[in-house]
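Notes follow once the structure below has been shown.
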Number of protein chains: 2
Amino acid sequence: MIKCIRCKHVHAITKSGIVRGKQRYFCKDCNIYFTLPDETTVDMKHKKHMTTIVDIAKALNVSKSTVSRALHEHEDINPHTRAAVLKMARQLDYQPNLLAKSLVRSKSNTIGIIVPEFLTYFFPTIIMGAQQVAAEAGYNVIICQSQESYKTEVANANVLLANRVDGVLISMTRETKKFDHFKAFEKHGIPVVFFNRVCDEMDTSKVLVNDYEGALKAVEHLIKNGYRNIAHIGGPPALLITHNRLRGYKDALAKYKLPFKKELVVHCNLSKKDAIACAEQLLNLKQPPDAVFCVNDPVAIQLMLLAKKRKIKIPAELGIVGFSNEPSGEVIEPALTTVQQPVADIGRSAAGILLEAIAKGEAYVPEKKSLKTTLIVRESSIK
Amino acid sequence: MIKCIRCKHVHAITKSGIVRGKQRYFCKDCNIYFTLPDETTVDMKHKKHMTTIVDIAKALNVSKSTVSRALHEHEDINPHTRAAVLKMARQLDYQPNLLAKSLVRSKSNTIGIIVPEFLTYFFPTIIMGAQQVAAEAGYNVIICQSQESYKTEVANANVLLANRVDGVLISMTRETKKFDHFKAFEKHGIPVVFFNRVCDEMDTSKVLVNDYEGALKAVEHLIKNGYRNIAHIGGPPALLITHNRLRGYKDALAKYKLPFKKELVVHCNLSKKDAIACAEQLLNLKQPPDAVFCVNDPVAIQLMLLAKKRKIKIPAELGIVGFSNEPSGEVIEPALTTVQQPVADIGRSAAGILLEAIAKGEAYVPEKKSLKTTLIVRESSIK
DNA sequence: CTGAAAGCGCTAACAT
DNA sequence: ATGTTAGCGCTTTCAG
């Protein structure tokens, strides 16, 4: 709707020839000729318009569908036009607008990841693995940190929903008890794969490390090396890994007919401070343990540091085994025996399953995957 | 337009009653009755339609513009309609489609990050910092790993471009010599902030750690502690940090009138293998150093491990200072003196500057930020 | 205060 | 083989 530049009215306007490629108009009321201010020149520096398929189409005098087809190896396309389009696309520096594509396809080619934190090497490594697999399949990754807060986790879920991710990878906070924010994904047909900190209430794919087996092997190893009064520093009771590693610990004792002593099991919230507190609690026992299986390496290291400070000889007087094989365990003295988990594999595996689920849609059947652990024997556990 | 399920033609079709709530058709040509496969029932579970503003509008018998306005605290809106819309939105579990919003606003509220790798704690920590700041401002983050490959980096840049990110954070690969893929961002008015591995050729914001000063302090500390024959294991020559830390090393020597000896400087590509090779090279010297300033902690740790293996006393016979304060340095014995960089701050700072640039648009003036380092003195450098 | 309509860039029926 | 058209879900003039 063209308005007269003087009277601002729209009636009484007629086209009147073309001047320097621009349409000229005539207002019968005001009796003046005018052309519209060329907005493109203003735009030029303001925000360089990215070339679209329409630009290519115009340049080549074809329709945008033709351009779209040429760009997508559609079969019904003349090889010549195709070549011309491709050339022009390169020439104009065309970058497809994935937002538009996602909108019309109802598919964003993006997956979301929710992790509780990002500080230790653990989650970054998993994310890296997932990101690699995703990138290879042409998927982007949006990462959210729940910071171990249920509320944030709900917000994260909404962000991912609003961004219309095609699938989600989740490791829950330790305080998550309600799962509606996860179920919302399912409700919209968005597949979810849990890893590590999984949700039992939901019937989705899950990728876990075989914590039970890892713990069993670790404690068995201690027993075989002559330790008899073996303690366990576990994780937060809410976590499944805590449960499974504790179970492995118990079963190993049982297997070798060693008594289970309640006072030898303490739970740690995984903070450094609490780790030290737990270590103290154990070492202060009237009958202190001669070995400790720790829920993870950082905890094991705090224990070792404390023991060393107290001149307790490791491994002679105190055997220590950790879990997760973090870099620090390798350089500490004595080097820490630990249960290695295939961390990057967790991410790769989870992402792989998720992509499959996205591809299969309805047909997809949830799958539970349990990754193997390996006991890495170093010095801290060999009497 | 109903087609016969046999002859596929559209003429000769008539309606013929309703069966179980579904319209039945009759093809006069083929003489058969049929109903159309019920797509809605399939759809129901297939992909639950997410509610849109139109759904809300219909439910309330208002126009979608009204809904949009209600959802955005627009001023021209009746408080009652507003309340009704909000209520209905909640009721229908409305999640705005950010893809659509981004498309029409030409603003994705997403920033991209390109980092060379993701393995050490360094980049993940930076990303975490950046992600926090971004999330607080309502921005998502898309992360790309260039894997130290120029080609991948170019691909990464295109991915971000195609996703229409509003800004980009970059730490270059060590082999990047051409910068067209970065300049493409500028060309489209997408602000770029470099961090850590910055690009001198581009006039954009940069966030760096004051490597020079950190190195200077580190070497000065060694000198003050009585070391006189101080070596340096540097990083890959292509990196700026290598250059700056080396400069700090040299200037510290100069400041105390100590001679610079070429054979005491070796360059390491930062791989573990090469770190060991460099350490060996130095320790094998006819006149081995009595202290080494290392380009980073992992290298320092490899050196320490080798020295210990050779029964060289640390710090008595060999002082060692690292750079970056990685967790391992704290637990190794003797504990590693190191230069701490405010890693998460790099990410926070860079993201902050980027968001500001996005907000200011044209008006934005590039800014160079140099973050301070702190020398953390532990045992490995005190004779 | 509300509605109608245009359009962001793209895909995908449908038509030619 | 190519063009036309109708959206995807949303914001944003413009018109009441």
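Throughout, a chain's letter reflects where its sequence line sits, starting with A, and its residues are numbered from 1. The structure presented is a predicted model; accordingly, all values stated were derived computationally and were not measured.
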Exercise. Give A:T52 one of three labels, base, sugar-phosphate or nothing, depending on what nucleic acid heavy atoms sit under 4.0 Å from its own.
Key: sugar-phosphate
Quiz item: Between B:S63 and C:dG3, does any side-chain N or O lie under 4.0 Å from OP1 or OP2?
Solution: yes
Quiz item: How close or far is atom C1' of D:dG9 from atom NZ of B:K101, stated in whole angstroms?
Solution: 12 Å
Quiz item: Which sits closer to the 5' end of DNA chain C, A:T51 or B:V62, going by the nucleotide each is nearest to?
Solution: B:V62
Quiz item: Once you round it to whole Å, what is the distance between C1' of C:dA12 and NZ of A:K107?
Solution: 17 Å
Sequence neighbours excluded and cut-off under 3.5 Å, please list the side-chain donor-acceptor pairs for residues 91-98 of chain B, or say none.
from, atom 1, to, atom 2, distance (Å)
B:Q95, NE2, A:N158, OD1, 2.8
B:N97, OD1, B:L99, N, 2.8
B:N97, OD1, B:A100, N, 3.2

Quiz item: Rounded to the Å, how far apart are B:N97 CG and C:dC8 P?
Solution: 18 Å
Quiz item: Going by modelled atom types, is there a donor-acceptor pair between the base of D:dT4 and the side chain of A:S65 at under 3.5 Å?
Solution: yes
Quiz prompt | Nucleotide D:dT11, atom P - distance to NZ of B:K64 in whole Å | solution = 10 Å
Exercise. Specify the separation, in whole Å, of atom CG of B:N109 and atom P of C:dC8.
Key: 20 Å
Quiz item: Taking OP1 and OP2 of D:dG3, is either one under 4.0 Å from a side-chain nitrogen or oxygen of A:T66?
Solution: yes
Exercise. Whole angstrom is fine here: how far is it from CG in B:L60 over to P in C:dC1?
Key: 17 Å
Exercise. Using heavy atoms and a sub-4.0 Å distance, could you list which residues of residues 67-85 of chain A are near DNA chain C? By number, please.
Key: A:S68, A:R69, A:H72
Practice problem: Please state how far atom CG in A:L99 lies from atom P in C:dT11, giving the value in whole angstrom units. | Solution: 12 Å
